[in-house]
Amino acid sequence: MTTQVLFFGQLTDITGTSSLKMEEATDTDQLKQALYSQFPGLAAKNFLVSVNQQVITDKTKLQPNSTVALLPPFSGG
Amino acid sequence: MTTQVLFFGQLTDITGTSSLKMEEATDTDQLKQALYSQFPGLAAKNFLVSVNQQVITDKTKLQPNSTVALLPPFSGG
Amino acid sequence: MSDHKPKNIFVQGPINPAFIGESIAKHASNTKIGGHSIFLGQVRADEISGKKVAAIEYTSYQEMALEKMTEIREAIFAKYPLTCMHVYHSLGVIKEGEICLFVFTSSAHRKPAIDACTECVERIKAELPVWGKELFEDEGYQWKVNQ
Amino acid sequence: MSDHKPKNIFVQGPINPAFIGESIAKHASNTKIGGHSIFLGQVRADEISGKKVAAIEYTSYQEMALEKMTEIREAIFAKYPLTCMHVYHSLGVIKEGEICLFVFTSSAHRKPAIDACTECVERIKAELPVWGKELFEDEGYQWKVNQ
């Protein structure tokens, strides 16, 4: 099972990329743990998580080919 | 003693002119009475009075060459 | 009354949208600005007892209006941290769909610009000696009443 | 999520003031309009610990932002009697003094136009997944924080 992960704003300073694919994560908590292992700096950052463009508040199951995005505070306008 | 009198907006429908000169009025009450005699329709109208561009609230003495204006409700913009 | 000669706000005829674009462009050089707020009044083709308004003819007691506008301008600059404020009001016959009022405020941040613009529009409508005569399409007119 | 394809609001590079003038001019044909309210965001040359902001580079999660903007648009049209609303947000590098946001609402009367414009600007800043990177004059950058 593959999940597309997107990073935005200042989070890209930590990840060095704006997207990557993760295997084996079946929910958003597993995915976050895997991302924290790969990018320890992320754990200290403040961000929202969206699954298929919907911001989630609780642990959410991932379907094959879900897109998860890590969204730091917005600063448009 | 001469007072310049200005009429604006719908008041000009009654007076047929936007300005005239009045003699002998020494205060704004005398002036209004003289105007009501000349233009009876004015008495039923709602307007403010200014003397030399300042809106007055009470009877005001007129100096020679004062300018008095009758101002119906504003409707700019 | 203010000591300096009041700034003119009146323009004969409608306000050209291209002029509004040019006014905005002029502010690019003031890099302390973060937000602009603009209000535009447009002549509405109201229907009144079956008659359609085709135009509004504006007249004013200009000397008094400009003194009052100076007073409003000073009060708004004292209340809000603005970088600038521009006001234009049409006189004469303005046809339906044309712009008759242009209020433009700028500030480092959005809130003062927006609040100052709104307050300025309200004060212009309530306090400036300006009158609108609504000219009907066919014939006749009625005097505009501000809400 | 809305059924129809969301309307694009993003433009690459700054918003041209002449385009704003043209947008205003297009509304002359809608003679039910009595008032327009416009908000413009302009890139401010802020000084941050002695460094001057020369430009802001905007990026967005566009698909999500357009869905959210559709939701905001529908909520605002449900709340206020508007004739129309237009929103443009820049992406890419926008230099100091250039326009990066253009929100434009129109209504028969001034109050709904003004209130809808203000609410739209607040919601855009709070809810759209857009990020600004403040690029300093000399070198370096910092991520913009909205108040």
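Throughout, a chain's letter reflects where its sequence line sits, starting with A, and its residues are numbered from 1. These numbers come from the heavy atoms of this one structure, side chains and all, not from hydrogens, waters or symmetry mates.
In this structure, the side chain of Gln42(C) engages the main chain of His27(D) through a donor-acceptor pair within 3.5 Å.
When heavy atoms are compared at a cutoff of 4.5 Å, Glu98(D) does not approach chain C at all. With a threshold of 4.5 angstrom between heavy atoms, Lys95(D) does not approach chain C through any atom at all. Both the backbone and the side chain of Ser37(D) come within contact range of chain C, with heavy atoms under 4.5 Å apart. For Ala108(C), the parts lying under 4.5 angstrom from a heavy atom of chain D are both the backbone and the side chain. Neither the backbone nor the side chain of Val103(D) comes within less than 4.5 Å of any heavy atom in chain C.
Interface summary for chain C: among Arg44(D), Glu47(D), Lys32(D), the most heavy-atom pairs under 4.5 angstrom belong to Arg44(D). Ranked by heavy-atom pairs under 4.5 Å with chain D, the list Ile20(C), Val43(C), Asp46(C), Ile114(C) is led by Ile114(C). The candidate with the highest count of non-hydrogen atom pairs below 4.5 Å against chain D, out of Ala45(C), Ser106(C), Cys117(C), Ala113(C), is Ala45(C). Highest contact tally toward chain D, considering only Thr31(C), Asn16(C), Ile24(C), is held by Thr31(C) [criterion: heavy-atom pairs under 4.5 Å].
Atoms CD and CG, from Glu96(D) and Asn30(C) in turn, are 10.5 Å apart once rounded to the nearest 0.5 Å. Separation of atoms NE2 (His36(D)) and CD1 (Ile38(C)) is listed at 11.5 Å; rounding is to 0.5 Å. Taking CD1 of Ile99(D) as the reference point, atom CD1 of Ile33(C) lies at 8.5 Å (rounded to 0.5 Å).
At most 12 non-hydrogen atoms from other residues, nucleotides or ligands lie less than 6.0 angstrom from NZ of Lys111(C).
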